[in-house]
Amino acid sequence: MLDKWRRVWQASAPMSELPKAYEPSAVEARWYAAWLDGKCFEANPASGKDAYSIVIPPPNVTGILHLGHVLNNALQDILARRARQKGKEVLWLPGTDHAGIATQAKVERELRESEGLSRRDLGREEFLKRVWDFKNKHGDIIIKQLKRLGCSCDWSRERFTMDEAYTKWVSYVFVELFKEGLIYRGKRMVNWCPVSLTALSDEEVIMTPQRSKLYFMKYQLADAPGEYLEISTTRPETLMGDVAVAVNPKDPRFAKHIGRKVLRPFPQAEIPIIADEHVDIEFGTGALKITPAHDKADFEIGKRHGLEIIDVLTPDGRIECPECPELHGLDRFVARKKAAAMLEEMGLLLKVEEYENNVGFSERAHVPVEPRISMQWFLKYPCVKEAADAVANGEIKFRPERWAKTYAHWMENLQDWCISRQLWWGHQIPVWYRKDKLEALKNAESLDMADLSAGDIHVGIEPPADAVNWTRDEDVMDTWFSSWLWPFATMGDVGENSPTLAKFYPTTDLVTGPDIIFFWVARMIMAGFRFAGEIPFGNVFFTSIIRDLQGRKMSKSLGNSPDPIDLMEKYGADGLRFGLLRIAPVGADLRFDESAVEEGRNFANKLYNACRFRQMAGTDRCDGIADTAGLPPYHLNVMSRLDELAADLEEAYADYRFGEIAQRLYEFLWNDFCDKFLEAVKLDLRESATPAARAMTLGTFDAVMSRYLQLLSPYMPHIAEELSARMGYVAEGEFLMMKLLPAAPLVSGDAKAARDQAAAIYEAAGRMRNLKAEYQVASRKDVRFVVRGAPAWLAAEIQVLALLAGAGGIEIDAAYEAPKGTPAAITPVGEVYMPLEGLIDVEAERARISKEIERVRVEVKKCEGKLGNASFVDRAPAEVVEQEKARLEDWRRKLEQLGEMLAALA
RNA sequence: GCGCGCUUAGCUCAGUGGUAGAGCACAUCCUUCACACGGAUGGGGUCGCAGGUUCGAACCCUGCAGCGCGCACCA
């Protein structure tokens with residue numbers, strides 16, 4: 001390991017010979033390999049150090065990295081790396097999710113496109129083999145991408161939700177909850193995806209506003225030909241499944257109808273008019289057709305009134321109603337139009353209105369889901385109260401806190417979770433049925449628990465001993481039924497006395513998106529209580545959702561989702577991390593702009609060049625500043641600013657204010673360190689400087705920079721490690737990322753006087769530069785200034801001030817009488833004058849200004865003429881006229897300024 | 001319908017009671033030996049609207065408007 005590290009070190013040329021611009025790619029790859037080699041990321045459960053742990057939200061195994069992953073994982077990496085610097089034993093546990101529907105759909109599509117086959121053509125066993133092949137081929141792409149980003153995960157512990165041991169956990173949990181009576185099988189109204197051909201949980205249905213049509217029709221009263229009841233519906237195609245018409249019992253319009261019957265148009269039948277509170281008197285005609293098989297609300301009403309259920313749809317969303325041959329076999333949306341046309345022909349369609357309503361769409365297949373009655377497995381959530389309380393009482397802390405309210409609301413309205421999926425890729429339900437019993441019942445679809453005696457069903461992790469006599473339930477479980485076990489199922493096997501679990505569970509932080517608060521976070525809390533005996537994590541940090549500049553979600557189809565790998569190639573992983581983090585707001589969505597990443601890259605370059613500059617001034621290493629008492633104000637100032645930065649970061653980390661941390665790191669390096677300190681001490685680094693001054697300045701540089709790189713390291717780990725190594729801030733064989741953050745500040749005493757002095761000099765220099773710019777001599781270096789009313793200490797700093805101000809010289813003259821018209825400024829170091837005498841050729845300058853005045857006057861006249869022209873003002877667009885007015889104002893202002901300058905010359 | 005959030009410079013956003021900030025973009029100047037992925041200077045904002053509290057409000061309170069998100073069985 002040490003040898004390898006030495007090779008890394010030796011690959012580094014002296015900084016002063018390196019290119020002017022920082023080139024991240026090679027550096028980043030080199031250090032990542034070195035960290036892996038040094039086993040820097042591996043967690044030791046036997047360590048005596050305090051534990052810090054975090055489990056990765058497992059990305060889809062066949063997924064590829066997008067910006068959301070970058071943000072999410074960069075944040076986790078920052079937390080993990082910071083914890084290491086604080087002396088914690090860190091476990092960041094990585095892995096991937098099998099992502100049932102998404103992965104199966106991918107493989108099915110590929111199969112269809114390349115071989116024209118469906119999964120049923122292959123059969124379950126062969127198809128699953130194909131999915132595993134696909135997983136093995138594409139499964140490590142996202143892992144490689146996370147490594148490219150610099151993620152310090154303990155890769156030796158990588159888990160997959162379909163690993164054998166993990167699968168055992170899933171079965172175990174199912175069996176336990178079944179035994180407890182919380183898992184049951186039943187025929188219920190579920191969300192059915194007609195494309196994926198599976199049931200979905202409520203959370204997988206996305207309500208989307210749709211422009212649709214509201215059909216008004218009339219049903220004839222059975223006992224009174226010629227008398228009709230008006231009904232409105234958005235779904236005429238399910239009319240054949242109508243078994244009643246409901247009205248509100250409080251609705252006076254229909255009171256006389258209740259108990260009578262109407263004629264359903266096709267297939268013709270008499271159906272009752274019933275009264276139900278659910279019907280909204282205000283909506284439509286106030287009468288609601290009841291189709292218990294195809295609407296959740298209708299199903300409930302049907303149950304209340306003991307109505308028949310007539311299913312008229314196939315699983316893939318076509319009409320199944322042989323009694324109505326015109327519609328039989330048609331797709332549901334085609335049938336809708338056809339049904340409306342049929343009603344019209346029969347003279348029963350009154351009108352059609354445009355109407356916007358919410359339709360549930362399948363999260364994965366992007367088609368409207370169909371409410372459908374089917375036999376599924378359901379879970380009554382365990383430990384609901386404990387889970388709700390844990391967040392309410394702050395045992396688990398949500399950040400931003402407001403998400404706790406969303407969580408509480410969901411927890412108070414829990415519905416049983418439909419956990420079975422009619423897929424093949426996933427954890428198969430660990431339930432077996434006796435074959436002879438199944439045959440007797442004809443088909444498993446209608447298999448009711450009531451029909452089975454204890455001897456007919458086997459629920460267990462292992463198959464029954466006489467397996468040949470049993471058939472396993474074909475369904476698999478919802479992917480989230482495995483994900484919700486992630487924090488503890490990744491740390492030890494079922495029944496194992498796991499040292500990892502003992503050391504690292506509960507985890508410290510969870511970093512995830514607020515969009516999966518129900519899917520994942522809430523369920524993990526319940527599973528944690530039920531199966532690990534306590535909360536799964538102490539803090540949950542919800543990240544921003546990343547949008548484009550128009551505020552749209554990133555998506556492949558919109559093409560607005562930049563490939564993070566491309567960004568890293570262009571700007572470096574550090575640049576991407578830093579740039580993205582710096583613009584990440586605390587509780588709001590993030591509008592992504594590539595220029596942010598460019599700034600991250602530029603920042604890395606700035607840092608690199610500051611270090612290159614220092615190396616060019618001498619490669620001797622100063623052993624540290626023994627005594628800060630005698631240091632010049634710039635040195636003390638920058639050190640004390642660094643101490644302040646370290647303290648501010650400490651507070652910001654405690655509050656998870658990641659964007660602010662990046663911003664503070666950025667400001668310190670660029671403003672305090674480069675623009676101020678480095679510019680002020682340049683004299684000390686010239687050939688002419690004394691060795692003592694040089695050593696003191698280099699020493700200060702090293703003292704500050706070595707600590708700064710450490711503070712920066714969680715955000716930009718590669719460049720921080722690289723520069724620390726090149727500059728000799730870490731000993732051979734040592735990694736910056738493993739070094740403890742120093743506790744003591746750089747400046748032990750009071751630095752206020754030094755800071756005030758430095759601030760005064762910097763501000764005075766700025767005012768002097770203003771004067772130069774105002775009188776058009778910004779780039780001249782021979783400008784002289786006179787200071788009146790200077791404090792005594794200024795004399796010692798006059799050369800530095802001149803350097804910062806870009807002045808040829810500065811005199812301190814308490815008795816200076818400035819000639820009339822001499823440009824002057826009030827500064828913290830006294831009144832500063834910039835005598836024009838000798839600086840500019842007064843005659844030439846006067847001539848130049850006069851000429852300029854003439855030119856501007858012409859412009860003013862031009863503008864005035866244009867604006868005085870009635871045909872322009874009346875006919876030109878208002879915008880153009882306004883523009884012209886603004887231009888006139890500008891020219892007038894300029895004229896005034898020039899007049900003042902001319903007066904000053906007199 | 002209920003809940004949550006947002007509204008500050010052209011753009012993206014900081015800023016929770018005391019003289020409006022950053023980065024980018026823009027304009028002018030500087031190819032000065034760390035960095036043009038740079039430096040200097042400058043223009044640009046009645047802090048969504050209306051009230052209220054206060055000596056004082058971008059900030060606290062109330063109402064309104066616009067935008068976004070979540071939840072909800074109005075067909």
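Protein chains get the first letters and strands the later ones, always in sequence-line order, with residue 1 at the start of each. Keep in mind that what you see is a predicted model, and the values were worked out from it rather than measured.
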Review point. Among B/rC71, B/rC4, B/rC74, which nucleotide sits nearest the side chain of A/F283?
Key: B/rC74

Point to revise | B/rC67 to B/rG23 separation - P atoms, rounded to the nearest Å | key: 33 Å

Review point. Is any side-chain heavy atom of A/L343 less than 4.5 Å from a side-chain heavy atom of A/L239?
Key: yes

Review point. Paired with B/rA50 by Watson-Crick or G-U wobble geometry, both distances under 3.5 Å: which nucleotide is it?
Key: B/rU62

Practice item. Describe the nucleic acid contact of A/Y355 in one word from base, sugar-phosphate, nothing, applying a heavy-atom distance below 4.0 Å. Key: sugar-phosphate

Point to revise | Spacing of A/R664 atom CZ relative to B/rA22 atom C1', expressed in whole Å | key: 13 Å

**Study point:** Spacing of the P atoms in B/rG48 and B/rG38 (rounded, Å)
**Key:** 32 Å

**Study point:** A/Y355: partners by ring pair (Phe, Tyr, Trp, His ring centres under 6.0 Å), with sequence neighbours left out
**Key:** A/F283

Check your understanding: How far does the P atom of B/rU62 sit from the matching atom of B/rC4, given to the nearest Å?
Key -> 12 Å

Exercise for review: Output the single nucleotide from B/rG23, B/rA34, B/rC74 whose closest atom is nearest the side chain of A/R582.
Suggested key: B/rG23

Exercise for review: Rounded to the nearest angstrom, tell me the gap between atom CE in A/M207 and atom C1' in B/rC73.
Suggested key: 9 Å

Check your understanding: Paired with B/rC26 by Watson-Crick or G-U wobble geometry, both distances under 3.5 Å: which nucleotide is it?
Key -> B/rG42

Practice item. Scan every strand shown for a Watson-Crick or G-U wobble partner of B/rA75, both distances under 3.5 Å, and answer none if you come up empty. Key: none

Review point. Roughly how far apart, to the nearest Å, are B/rA50 and B/rG43 at atom C1'?
Key: 32 Å

Revision key, fill the gap. In whole angstroms, the gap separating C1' of B/rU12 from CD of A/Q663 amounts to 12 Å

Check your understanding: Atom CZ of A/R547 to atom P of B/rC11: distance rounded to whole Å?
Key -> 18 Å

Review point. So, is A/N605 near the phosphate of B/rG38, with a side-chain N or O under 4.0 Å from OP1 or OP2?
Key: no

Point to revise | Options B/rG38, B/rA75, B/rC37, nucleotide nearest the side-chain atoms of A/D280 | key: B/rA75

Check your understanding: Between atom CD1 in A/I545 and atom C1' in B/rG5, what is the gap in whole Å?
Key -> 12 Å

Exercise for review: If B/rG56 has a Watson-Crick or G-U wobble mate with both distances under 3.5 Å, name it; if not, just say none.
Suggested key: none

Point to revise | salt bridge (charged side-chain N to carboxylate O under 4.0 Å, His left out) partners for A/E370, two or more places apart | key: A/R235, A/R332

**Study point:** A/N770, nearest nucleotide to its side chain (from B/rG42, B/rC71, B/rA75)
**Key:** B/rG42

Point to revise | A/F398 and A/W403 aromatic centres sub-6.0 Å | key: no

Review point. Expressed in whole Å, how much space separates the C1' atoms belonging to B/rA9 and B/rG18?
Key: 23 Å

Review point. Who pairs with A/F361 by ring pair (Phe, Tyr, Trp, His ring centres under 6.0 Å), at least two apart in sequence or on another chain?
Key: none

Check your understanding: With A/Y666, which residues qualify under ring pair (Phe, Tyr, Trp, His ring centres under 6.0 Å), at least two apart?
Key -> A/F603, A/W670

**Study point:** Pairing residues for A/K405 by the salt bridge (charged side-chain N to carboxylate O under 4.0 Å, His left out) criterion, not counting sequence neighbours
**Key:** none

Exercise for review: Using the ring of A/F785 (Phe, Tyr or Trp, six-membered ring only), decide whether A/K772 places NZ or CZ under 6.0 Å from its centre and within 45 degrees of its axis.
Suggested key: no

Check your understanding: Got a sec, which residues hit salt bridge (charged side-chain N to carboxylate O under 4.0 Å, His left out) with A/R264, two or more places apart in sequence or on another chain?
Key -> none

Review point. Expressed in angstrom and rounded to an integer, what is the separation of A/N357 atom CG from B/rA72 atom P?
Key: 16 Å

Check your understanding: Taking the same atom, C1', in B/rC69 and in B/rA58, what whole-Å distance lies between them?
Key -> 24 Å

**Study point:** For RNA chain B, the residues among residues 233-248 of chain A that have a non-hydrogen atom under 4.0 Å from it
**Key:** A/T233, A/T234

Exercise for review: Indicate, yes or no, whether a donor-acceptor pair under 3.5 Å links the base of B/rA34 to the side chain of A/K682.
Suggested key: yes

Review point. What residues, two or more places apart in sequence or in another chain, satisfy ring pair (Phe, Tyr, Trp, His ring centres under 6.0 Å) together with A/F668?
Key: A/Y708

Revision key, fill the gap. Partner of A/D276 under salt bridge (Lys or Arg N to Asp or Glu O under 4.0 Å), picked from A/K250, A/R304, A/K303, is A/R304

**Study point:** Footprint string (nucleotides 13-19 of chain B, 5' to 3'): B base within contact, S backbone only, - free, heavy atoms under 4.0 Å
**Key:** SS-----

**Study point:** Partner nucleotide of B/rC13 by Watson-Crick or wobble geometry (both distances under 3.5 Å)
**Key:** B/rG21

Study note, to complete from the structure: Winner on side-chain proximity to A/L678, out of B/rA72, B/rG70, B/rA34, is B/rA34

Give every pair of a protein N or O atom and an N or O atom of nucleotides 24-32 of chain B that lie under 3.5 Å apart, one pair per line with the distance.
none

Revision key, fill the gap. In whole angstroms, the gap separating C1' of B/rC37 from CD of A/E594 amounts to 14 Å

Point to revise | Whole-Å C1' distance, B/rG63 and B/rC71 | key: 25 Å

Check your understanding: Counting side-chain heavy atoms from CB outward, which of B/rA75, B/rU41, B/rC35 is closest to A/A773?
Key -> B/rU41

**Study point:** Base-pairing mate for B/rC67 - Watson-Crick or G-U, with both contacts under 3.5 Å
**Key:** B/rG5

Check your understanding: Does the B/rC37 base have a donor-acceptor partner in the side chain of A/R601 within less than 3.5 Å?
Key -> yes

Review point. Which nucleotide in the list B/rG39, B/rA22, B/rC35 gets nearest to the side chain of A/D675?
Key: B/rG39

Check your understanding: Among the nucleotides B/rA75, B/rA34, B/rC4, which one has an atom lying closest to any side-chain atom of A/K405?
Key -> B/rC4

Practice item. Could you please name the option among B/rA75, B/rA40, B/rA34 that lies closest to any side-chain atom of A/V279? Key: B/rA75

Check your understanding: Side-chain donor or acceptor of A/H409 under 3.5 Å from a matching atom on the base of B/rC71?
Key -> no

**Study point:** A/K296 with A/E300: basic N within carboxylate O range, under 4.0 Å
**Key:** no

**Study point:** Any pair counted as side-chain hydrogen bond (donor to acceptor under 3.5 Å, both in side chains), so long as it reaches residues 18-28 of chain A, sequence neighbours left out
**Key:** A/E28-A/R148

Check your understanding: Does any N or O donor sit under 3.5 Å from an N or O acceptor when you compare the side chain of A/E679 with the base of B/rA40?
Key -> no

Practice item. For B/rA25 versus B/rC13, give the span between their C1' atoms, rounded off to a whole number of Å. Key: 14 Å

Exercise for review: In whole angstrom, give the distance that lies between atom CD of A/E774 and atom P of B/rG43.
Suggested key: 10 Å

Practice item. Check step by step if side chain to side chain donor-acceptor pair (under 3.5 Å) holds for A/N770 and A/R767. Key: CA-CA 5 Å; A/N770 290 352; A/R767 302 225 177 253; over 6 Å; no

Exercise for review: Just compare B/rC37, B/rG39, B/rA75 and give me whichever is closest to any side-chain atom of A/W670.
Suggested key: B/rG39

Point to revise | salt bridge (Lys or Arg N to Asp or Glu O under 4.0 Å) contacts touching residues 583-592 of chain A (sequence neighbours left out) | key: A/R547-A/D589

